[in-house]
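Nothing fancy with the numbering, it's 1 onward along the sequence.
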Amino acid sequence: MDNRDGNGGEVATLMERILYEVKKVVVGQDHFLERVLVAILAQGHLLVEGVPGLAKTLTVKTLARAVRGTFKRIQFTPDLVPADLVGTRIYNQKTGDFATSLGPVFTHLLLADEINRAPAKVQSALLEVMQEYQVTIAGETHLVPQPFLVMATQNPIETEGTYPLPEAQVDRFMMKVLVGYPNEEEEFVIVQRVTGEPVDVVPVATTDELAGLQRECRNVYVDPNLITYAVKLVAATRDPDRFGIKDFARYLTFGASPRATICMIEGAKALAMLRGRTYVLPEDVTDIVPDVMRHRLVLSYEALADGQTPDMLIRKVMQHVRAPDRPLDTHVRVANA
């Protein structure tokens, strides 16, 4: 089956140009960079877990420059209040009137650094913007710019002075991506680039073009069998006995929500577009499953005691729920028509 079809090739070419500009600055982290582009196309948000110094901030900042978008970074601290994010009303003594001062969430790409260091009220304010794409200040509604992407980071090596995100709030993130250390060759190149001449990032797209790509992403064809497959994967985390997964229920307190199924299909559509297709294949779904599911499973104390991780449980589910066969090329073409 041809991987290039219709507008899919043009979209992939534009995204490759954007990725090329980002990789002029960022070394390695291919999986992470791909997931950032998937989140943008699917209009989702990312939760990123990784130790400091892995170019998380640099990635989003460089991406904003490549698409002529705005970028802002918020360092979350325990004394942060919601007004520091969304904005507030300021009294002008000269005129006697109140003026609205919009907060840093009014940007295209927002990095929420160490989101688990802020109290629940601040986390809720950010998650409301992520879901509604708007902020209400003193009865007035203000829409955030489009496209809008939030990338929140968590530091896995420090738990002192942190406020873990509640499961219901974590569910609002489309994907959770784990970022690891670079290998020795990549780290050598990193040192060379950082200590050498600065690299110029050339804007290769606009935010309007990016918004157009998001609309095209909604039209990517998904075979009904793939939707059924995604539904079964999520259902297996809620009722594993029905799918013949033995000794699995004791490891899970709660399974994934319906939002996981939606994000799985939306992420697969975006991944298909990045790969130059206007239709989704089974491998697009299976590739995106761990990132969509790992933060939505609530593990039991028994799972933690036995050393089980969300990724281990997801692999077990995928072994029992098999992916469907690739749809026939003629079927895809008729459905697209």
Side-chain angles (χ1 to χ4, degrees), residues 1-24 26-46 48 59-60 62-63 66-67 147 149 151 174-179 204-205 209-230 233 260-294 314-315 318 322-337:
M1 194 184 298
D2 186 9
N3 273 4
R4 300 278 170 184
D5 188 31
N7 293 332
E10 298 175 11
V11 172
T13 301
L14 179 57
M15 298 308 290
E16 283 172 7
R17 288 167 59 198
I18 294 173
L19 186 61
Y20 173 76
E21 291 301 318
V22 175
K23 289 188 73 65
K24 281 163 60 175
V26 180
V27 180
Q29 306 294 6
D30 293 337
H31 178 81
F32 171 50
L33 292 176
E34 184 182 60
R35 292 303 180 261
V36 172
L37 296 181
V38 165
I40 289 178
L41 287 176
Q43 301 181 57
H45 304 286
L46 278 180
V48 182
T59 298
V60 183
T62 307
L63 181 62
V67 299
L149 168 72
M151 193 177 89
M174 180 183 182
M175 293 179 287
K176 179 180 180 180
V177 183
L178 306 179
V179 182
V204 294
E209 287 177 318
L210 212 52
L213 295 181
Q214 290 177 339
R215 289 190 293 270
E216 285 189 39
C217 187
R218 307 288 293 183
N219 298 323
V220 172
Y221 173 72
V222 183
D223 190 87
N225 286 335
L226 293 177
I227 299 178
T228 302
Y229 171 58
L233 281 174
T261 315
I262 296 169
C263 291
M264 210 178 291
I265 296 302
E266 288 182 336
K269 284 184 176 185
L271 208 52
M273 280 188 73
L274 287 176
R275 293 169 176 175
R277 284 182 268 104
T278 57
Y279 52 88
V280 174
L281 293 179
E283 50 262 39
D284 298 323
V285 181
T286 54
D287 285 355
I288 210 79
V289 168
D291 295 314
V292 169
M293 295 264 277
R294 67 166 55 97
I314 291 167
R315 281 195 295 270
M318 294 180 72
R322 308 303 297 180
D325 295 330
R326 294 175 61 156
L328 296 174
D329 190 38
T330 52
H331 184 192
V332 171
R333 293 187 183 280
V334 169
N336 274 334

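Under the 4.5 Å side-chain criterion, counting only non-hydrogen atoms from C-beta, T278 is not in contact with Y221. Residues V38 and L274 meet the side-chain proximity criterion, which asks for heavy atoms closer than 4.5 Å. The shortest side-chain heavy-atom distance between K176 and V48 does not fall under the 4.5 Å cut-off. Looking at V36 and V60, their side chains never come closer than 4.5 Å, going by heavy atoms from C-beta outward. A 4.5 Å side-chain heavy-atom check between C263 and M175 finds every atom pair outside the cut-off.
The pair R35-D30 fails the salt-bridge criterion, with no side-chain N (NZ, NE, NH1 or NH2) lying under 4.0 Å from an Asp/Glu carboxylate O.
What you find for L149 and G44 is that their closest heavy atoms are CD1-O, 3.1 Å. Residues E209 and V204 come closest through the heavy atom pair OE1-O, 4.3 Å. When all heavy atoms of I18 and A205 are compared, the pair lying nearest together is CD1-CB, 4.1 Å. Scanning both residues, I314 and M293, for their nearest heavy atoms gives CD1-CB, 3.5 Å. Nearest heavy-atom pair across A323 and P282 is CB-CB, 4.3 Å. For the pair L226 and I265, the tightest heavy-atom approach, listed with the atom from each and the gap, is O-CD1, 4.1 Å.
Separating the SG atom in C217 from the CG atom in L271 is a distance of 10.0 Å, to the nearest 0.5 Å. Taken from CE in M318 to OH in Y229, the straight-line distance is 4.0 Å, to the nearest 0.5 Å. A distance of 4.0 Å separates CG in L63 from CD1 in I40, rounded to the nearest 0.5 Å. Here Q43 contributes atom CD and L210 contributes atom CG; the two are 9.5 Å apart, rounded to the nearest 0.5 Å.
With hydrogens and angles ignored, the 3.5 Å screen pairs a side-chain donor or acceptor of R277 with a backbone N or O of Y279. With K269 contributing its side chain and R218 its backbone, the two residues share a donor-acceptor pair below 3.5 Å.
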For this session: Show the numbers, then the answer: is there a side-chain contact (heavy atoms from CB on, under 4.5 Å) between L178 and H31?
Result: CA-CA 9 Å; L178 306 179; H31 178 81; over 6 Å; no
Exercise. Does the side-chain contact (heavy atoms from CB on, under 4.5 Å) test come out yes or no for M273 and E216, once each step is laid out?
Worked result: CA-CA 9 Å; M273 280 188 73; E216 285 189 39; 4.1 Å; yes
For this session: Start with the C-alpha gap between H45 and M174, add the side-chain angles, then the distance that decides, and say whether side-chain contact (heavy atoms from CB on, under 4.5 Å) holds.
Result: CA-CA 5 Å; H45 304 286; M174 180 183 182; 5.6 Å; no
For this session: Test V280 against V220 for side-chain contact (heavy atoms from CB on, under 4.5 Å), laying out the working first.
Result: CA-CA 7 Å; V280 174; V220 172; 3.8 Å; yes
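Checking L281, V289, D287 one by one against V285, the side chain to side chain contact (heavy atoms under 4.5 Å, CB included) holds for a single residue, V289.
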